[in-house]
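Report on one structure; see the data block that follows.
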Amino acid sequence: MVYDVVIIGGGPAGLTAGIYAKRAMLDAVLLEGKGVGGQIIVTDLVENFPGFLEISGAELAAKFEEHAQKFGLEFRNMVDVTAIDDKGDTKLVKTTEGDIETKAVIIASGTTPRKLGVKGELEFTGRGVSYCATCDGFFFRDKVAVVVGGGDSAITEAIFLTKMVKKVYVIHRRDELRAEKINQEKAFANPKIKFVCDSVVEEIAGSNVVEKVILRKVSTDEISELKTDGVFIYVGLDPNTGFTDVEKDDWGFIIASQRMETSAGGIFAAGDCRNTPLRQIATAVGDGAIAAVSAGKYIEELTK
Ligand code: NAP
């Protein structure tokens, strides 16, 4: 069978594309490598998605999924896309579970947390090094944690960690944070959070589990040690776009038009994997809706 649309990725962008595609009566299937929900699954609290004053990421993801199911979207989980073979009027989406033929593709494959790339990071992953405070914060009850990064992820997760840990040190390489001002103010007002700015982590060390980080002051090169039980790394996101050769920027984010069209006809991009000025649930949802409508128009043109 040839689908109308294959949607790659089950985060807010992909699920919204699915809702809009089904409402346009398109034959659509959504492929997801892990579980539906994407990055928001590991977000403790969402308070900037209109209509929901406060909701957990997991709860919001479940609502998106339920909504897409209501319109009959087909889901295939545990499917990793390895390549897209562009045959012109149809595309062959190559996956770990076989090939799927389709008229259009919407890439909404999101991002993966970036590694810090320092000594000890790999060795202590799961033994004190984590990329998910929501998943692992509980293990650090009444202990000391370090959060690396100065963006919204680092700051919101540092605030989340204060619910359980004794103290959180936020290590940031500059003197100024990148996070939204409202998040910064909440963190500055939290007595459990201490900022260590102008500093980078040089090494994560310990015996069996993490015991300390070695820090370097950027402006002076001065080296110091900080005792900690956990290191939570939030230094940005890498796009999950290795399987496609559509045009990308220097960091691998897909370049797409206002209509979410990529450099390849019939292949659209939506959400965090796209070169976009803002990566939020609200913007991913908008991208997903536009991508599905554009895919519908593209298919209409094909059959004219
Ligand atoms: P981000 O905004 O790219 O921030 C990454 C942070 O890590 C920056 O502060 C950066 O420092 C630092 N960094 C990068 N490489 C580093 C290195 N090698 N060593 C030390 N520090 C390093 O990434 P993010 O925080 O994951 O956020 C991603 C997107 O999701 C953003 O658009 C963000 O607004 C959004 N988001 C929003 C919310 C919300 O509540 N509104 C929550 C989470 C995420 P510099 O500042 O010096 O570059």
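Order of appearance sets the numbers: ligands from 1, and atoms from 1 within every ligand. Since this is a predicted model, take the numbers as computed values, not measurements.
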Can you give the donor-acceptor pairs under 3.5 Å from side chains of residues 152-161 to other protein atoms, not counting sequence neighbours?
unit_1 : atom_1 : unit_2 : atom_2 : d
D152   : OD1    : E180   : N      : 2.8
D152   : OD1    : N183   : ND2    : 3.0
T156   : OG1    : D152   : O      : 2.7
T156   : OG1    : S153   : O      : 3.3

- [ ] Please report the C-alpha distance between S207 and E211 in whole Å, then the side-chain angles of each, then the deciding distance to 0.1 Å, and finally whether the side-chain hydrogen bond (donor to acceptor under 3.5 Å, both in side chains) criterion is met.
- [x] CA-CA 7 Å; S207 45; E211 288 167 6; 2.6 Å; yes
Task: ring-ring contact (aromatic ring centres under 6.0 Å, His included) involving F64 - partner list, sequence neighbours excluded - done: F49
Open item on the list: List the protein residues in contact with ligand 1, where contact means a heavy-atom separation under 4.0 angstrom.
Closed with: N48, L116, G149, G150, G151, D152, S153, T156, H172, R173, R174, R178, E180, N183, Y234, V235, G236, L237, R279, Q280
- [ ] Answer whether the closest heavy-atom distance between the side chains of R127 and N208 falls below 4.5 Å.
- [x] yes
- [ ] Please identify each residue that fulfils ring-ring contact (aromatic ring centres under 6.0 Å, His included) with F195, with sequence neighbours left out.
- [x] F188
Open item on the list: When you measure from the centre of the six-membered ring of Y169, is the NZ or CZ of K227 closer than 6.0 Å and no more than 45° off the axis?
Closed with: no
